[in-house]
Visitor: 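Quick one: the structure is below, and I'll ask about it shortly.
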Amino acid sequence: QVQLVESGGGSVQVGGSLRLSCVVDGYGTSDHYMGWFRQAPGKAREGVAAIYIPNDRTYYALSVKGRFTISQDVAMNTVYLQIDSLKPEDTAIYYCAATAPTGGLWPLSADNYKYWGHGTQVTVSS
């Protein structure tokens with residue numbers, strides 16, 4: 001059984017930084033994608049960053065490129081999301097997710113992901 005547990009969320013002021021962590025347990029192969037998604041109240045879930053575990057290839061939404069950095073620690077089975085220069089519009093619940101690679105998969109589409117964590121709240125205030 002695959003389990004994903006996020007941590008690192010919190011309340012920060014505009015311009016601050018956070019590092020979110022996602023510990024993955026029970027995924028039997030390294031051949032998968034990990035993604036970070038967020039959902040603000042009343043809005044659809046949005047893919048912000050993803051990484052292909054075997055080769056470290058990363059993907060970013062245009063809205064966050066340059067401020068968000070996804071990375072992994074293979075030994076710790078952990079994927080991170082570094083968020084810098086936080087803005088009020090970054091306020092959301094952030095989820096990590098995992099999925100096996102399939103043909104034509106777009107790593108920032110939530111519909112492609114099978115396993116999800118419960119999320120961690122990020123609140124940015126001015």
Side-chain angles (χ1 to χ4, degrees):
Q1 184 177 357
V2 178
Q3 291 187 318
L4 290 75
V5 180
E6 304 97 334
S7 62
S11 297
V12 296
Q13 292 191 323
V14 170
S17 298
L18 283 173
R19 189 176 79 157
L20 308 183
S21 300
C22 174
V23 178
V24 185
D25 184 43
Y27 210 109
T29 173
S30 64
D31 189 15
H32 62 278
Y33 288 89
M34 292 294 302
W36 281 99
F37 298 81
R38 67 185 181 186
Q39 189 164 20
K43 295 190 175 182
R45 192 166 293 191
E46 172 192 21
V48 295
I51 186 168
Y52 184 49
I53 298 300
N55 64 9
D56 253 2
R57 183 175 179 180
T58 58
Y59 306 80
Y60 295 97
L62 288 176
S63 59
V64 305
K65 201 166 186 179
R67 296 192 301 119
F68 288 24
T69 305
I70 189 171
S71 62
Q72 61 168 319
D73 184 329
V74 175
M76 298 295 290
N77 291 327
T78 301
V79 174
Y80 302 99
L81 185 69
Q82 177 69 36
I83 310 175
D84 297 317
S85 303
L86 276 156
K87 304 176 181 180
E89 53 263 41
D90 294 321
T91 295
I93 300 174
Y94 284 70
Y95 301 88
C96 68
T99 193
T102 58
L105 180 149
W106 173 235
L108 295 181
S109 173
D111 290 343
N112 289 325
Y113 283 77
K114 182 175 181 180
Y115 303 103
W116 291 84
H118 293 295
T120 186
Q121 176 72 46
V122 172
T123 303
V124 184
S125 57
S126 56

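Numbering of residues begins at 1 and proceeds along the displayed sequence.
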Visitor: Examine Val14 and Leu18 and state if one hydrophobic cluster contains both, with Ile, Leu, Val, Met, Phe, Trp and Tyr joined whenever side-chain heavy atoms are less than 4.5 Å apart.
Guide: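 Yes, because Val14 and Leu18 connect within a single hydrophobic cluster, where side-chain heavy atoms sit under 4.5 Å apart.
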Visitor: Hey, does the side chain of Thr120 reach the backbone of Glu6 with a donor-acceptor pair shorter than 3.5 angstrom?
Guide: no
Visitor: Of the non-hydrogen atoms in Ala98 and Met34, which two are nearest, and what is the gap between them?
Guide: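 So the two residues come closest at CB-SD, 3.4 Å.
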Visitor: How many angstroms lie between atom CD1 of Ile70 and atom OH of Tyr80, to the nearest 0.5 angstrom?
Guide: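 Those atoms lie 12.5 Å apart.
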Visitor: State whether the side chain of Thr91 and the backbone N or O of Val124 hold a donor-acceptor pair below 3.5 Å, judged by distance alone.
Guide: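 Side chain of Thr91 to backbone of Val124: a pair is present.
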Visitor: Could you list all the salt bridge (Lys or Arg N to Asp or Glu O under 4.0 Å) pairs where at least one residue sits in residues 65-81, not counting sequence neighbours?
Guide: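 Salt bridge (Lys or Arg N to Asp or Glu O under 4.0 Å) check on residues 65-81 returns Arg67-Asp90.
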Visitor: Do Val24 and Leu105 share a hydrophobic cluster (ILVMFWY, side-chain heavy atoms under 4.5 Å, transitive)?
Guide: no
Visitor: To the nearest 0.5 Å, how far apart are OH in Tyr33 and CD1 in Ile51?
Guide: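 Between atom OH of Tyr33 and atom CD1 of Ile51 there are 11.0 Å.
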Visitor: Report yes if some heavy atom in the side chain of Tyr27 is under 4.5 Å from a heavy atom in the side chain of Asn77; otherwise report no.
Guide: no
Visitor: Just how far is it from atom CH2 of Trp116 to atom OG1 of Thr99, taken to the nearest 0.5 Å?
Guide: 9.5 Å
Visitor: Are any of the side-chain heavy atoms of Phe68 and Asp84 separated by less than 4.5 Å?
Guide: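 SC-SC contact between Phe68 and Asp84 ruled out.
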Visitor: Has Gln13 got more than 12 heavy atoms of other residues, nucleotides or ligands less than 6.0 Å from its CD?
Guide: no
Visitor: I'd like to know if Tyr115 and Val79 are part of one continuous hydrophobic network [Ile/Leu/Val/Met/Phe/Trp/Tyr, side-chain heavy atoms within less than 4.5 Å].
Guide: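 Same cluster.
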Visitor: Rounded to the nearest 0.5 Å, what separates atom CD1 in Ile83 from atom CG in Leu20?
Guide: 4.0 Å
Visitor: Can you tell me how far the CD1 atom of Ile53 sits from the CG atom of Asp31, to the nearest 0.5 Å?
Guide: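 Between atom CD1 of Ile53 and atom CG of Asp31 there are 10.0 Å.
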Visitor: In this structure, would Val64 and Val12 fall into the same cluster of hydrophobic residues linked by side-chain contacts under 4.5 Å?
Guide: yes
Visitor: First locate atom CZ of Phe37, then atom CD1 of Ile93, and finally report the distance between them rounded to the nearest 0.5 Å.
Guide: 15.0 Å
Visitor: What pairs of residues pass the salt bridge (Lys or Arg N to Asp or Glu O under 4.0 Å) test when at least one of them lies in residues 43-63, not counting sequence neighbours?
Guide: Arg38-Glu46
Visitor: Spell out, as yes or no, whether a donor-acceptor pair under 3.5 Å connects the side chain of Gln39 to the backbone of Ala92.
Guide: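 Not a single qualifying donor-acceptor pair exists.
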Visitor: Do His118 and Val5 touch side chain to side chain, with heavy atoms closer than 4.5 Å?
Guide: no
Visitor: What pair of heavy atoms forms the shortest contact from Gly47 to Ala61, and how long is it?
Guide: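 The pair with the smallest heavy-atom distance is O-CB, 3.4 Å.
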Visitor: Taking only residues two or more places apart in sequence, or in another chain, which ones meet Tyr60 in a side chain to side chain donor-acceptor pair (under 3.5 Å)?
Guide: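 Partners of Tyr60 by the side chain to side chain donor-acceptor pair (under 3.5 Å) criterion come out as none, since no residue qualifies.
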Visitor: Would you name the heavy atoms of Trp106 and Asn112 that are closest together and state the gap between them?
Guide: O-ND2, 2.9 Å
Visitor: Establish whether Tyr59 and Tyr95 are linked, either directly or via other cluster members, by ILVMFWY side-chain heavy-atom contacts under 4.5 Å.
Guide: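 Yes: a chain of side-chain contacts under 4.5 Å links Tyr59 to Tyr95.
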Visitor: Hey, is the main chain of Pro107 close enough, under 3.5 Å, to the side chain of Tyr113 for a donor-acceptor pair?
Guide: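 Present.
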